[in-house]
Amino acid sequence: IDDEVGALFDSSIKVWTGNPRLLPGSQPQAFSASDLDAVRGVDGVSAVQVQLQSEMAARQGAKDARVKVHGAQASTLQQNRLGIEQGRAFTPMEFASAAQVVVIDHKVREALFRPAEQVIGRTIFLSALTGAPEPSALAGAPGTASAAMASTPALLPFTVVGLFAPAAGSNFGREPVGELLIPHAAFAAKLDTRFEVRDFTVFITHP
């Protein structure tokens, strides 16, 4: 237990909003850009990684699943101990252009693809879960198409470019649903335009 906890928190500190003094029903204020810049300026801080993540609906062919989507930055794979097993990671151009590309884990692969099916180059459709639509509505069952359109945003296509697996000590791989990464800019511009920073990770250096 000591080894596992030490690996999780030895070089990073997770920060999130919260205030026990708030009145019931009140929401804590999101972090501002100046808050993040102030943390970046602290001695010993090597990076601040903003956490853009949300549970969403995913579809591939006739298969649907709930997944956890992360907005990835250039440092996300290395800092979270994620190794690419097939395909590749995102390119600098894909980060800059908010490209609709995705790197998935094995849980997503098992949920959306057949065991021997090739996943690199395939298309996954993502949609934010609003009101948790029934799987039949998401799949476009007869009589439910209008309800699905009213309750969920349009499904956006993302091309699978890689398959990743978390190493020991990673914060990934602990969710009951599969997890996937898309470029940070694509998440903020196309899936969740609110861009409210409510949690982030501080990576620290050791003398």
Side-chain angles (χ1 to χ4, degrees), residues 16 27 30 49-73 76-77 80 82 84-87 89-90 94-95 97-166 170-199:
W16 57 90
Q27 292 295 323
Q49 182 175 293
V50 176
Q51 307 297 308
L52 287 183
Q53 56 190 24
S54 179
E55 186 172 299
M56 298 185 182
R59 178 200 292 177
Q60 195 287 129
K63 293 188 176 182
D64 301 308
R66 293 192 180 189
V67 297
K68 189 168 186 179
V69 181
H70 299 265
Q73 301 173 70
T76 297
L77 287 170
N80 289 281
L82 306 178
I84 297 294
E85 293 193 340
Q86 294 180 25
F90 303 128
E94 288 168 341
F95 281 117
S97 64
Q100 290 179 204
V101 289
V102 61
V103 178
I104 66 175
D105 72 357
H106 284 275
K107 289 181 182 178
V108 175
R109 189 195 191 291
E110 292 171 2
L112 296 178
F113 297 92
R114 296 188 300 273
E117 192 172 3
Q118 175 60 255
V119 299
I120 306 302
R122 302 295 297 276
T123 299
I124 288 177
F125 291 87
L126 296 178
S127 175
L129 285 171
T130 56
E134 294 295 328
S136 60
L138 182 61
T144 62
S146 60
M149 291 177 64
S151 61
T152 62
L155 292 167
L156 295 178
F158 286 78
T159 302
V160 179
V161 298
L163 176 72
F164 76 86
S170 173
N171 287 319
F172 282 69
R174 301 170 184 273
E175 298 286 341
V177 298
E179 298 181 85
L180 53 82
L181 307 173
I182 66 173
H184 190 275
F187 190 112
K190 300 176 181 180
L191 291 180
D192 190 347
T193 57
R194 295 170 300 173
F195 196 68
E196 291 183 344
V197 179
R198 297 196 172 274
D199 59 281

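Quantities reported herein were computed from a predicted structural model and do not represent experimental measurements.
Between S170 and L82, the closest heavy-atom pair is OG-CD2, 3.6 Å. Of all non-hydrogen atoms in H184 and G71, the two that sit nearest each other are CD2-O, 3.7 Å. Listed here is the closest heavy atom pair of V69 and F187: O-CE1, 3.6 Å. Considering every non-hydrogen atom in both A89 and E94, the closest pair reads O-OE1, 4.3 Å. The two residues P183 and V101 make their nearest non-hydrogen contact at CD-O, 3.3 Å. In this structure, R114 and R109 approach most closely via the heavy-atom pair O-NH1, 3.2 Å.
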Please evaluate residues N80 and F164 with respect to the criterion side-chain contact (heavy atoms from CB on, under 4.5 Å), reporting the C-alpha separation (whole Å), side-chain torsions for both, the decisive distance (0.1 Å), and the verdict. CA-CA 11 Å; N80 289 281; F164 76 86; over 6 Å; no
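Remark: I124 CD1 to L155 CG distance equals 12.0 Å, nearest 0.5 Å. With rounding to the nearest 0.5 angstrom, the CG atom of D199 is 8.5 Å from the CG atom of L52. The CG atom of D105 lies 11.5 Å from the NZ atom of K68; values are rounded to the nearest 0.5 Å.
Put simply, the side chain of E179 never gets that close to the backbone of L181: no donor and acceptor are under 3.5 Å apart. Looking only at distances, a side-chain donor or acceptor of Q100 sits under 3.5 Å from a matching main-chain atom of P157. Distance alone, capped at 3.5 Å, is enough to place a donor-acceptor pair between the Q60 side chain and the L112 backbone. Of the possible donor and acceptor atoms, one in the side chain of K190 sits under 3.5 Å from a partner among the backbone N and O of A98.
With contacts defined as side-chain heavy-atom distances shorter than 4.5 Å, the pair L126/I182 qualifies.
By the ring-ring contact (aromatic ring centres under 6.0 Å, His included) test, F158 pairs with no residue at all, sequence neighbours left out.
At a threshold of 4.0 Å, the pair E175-K107 does not count as salt-bridged, since none of the basic side-chain nitrogens sits closer than that to a carboxylate oxygen.
Taking the six-membered ring for Trp and thresholds of 30 and 60 degrees, F172 and H70 have ring planes inclined between 30 and 60 degrees apart.
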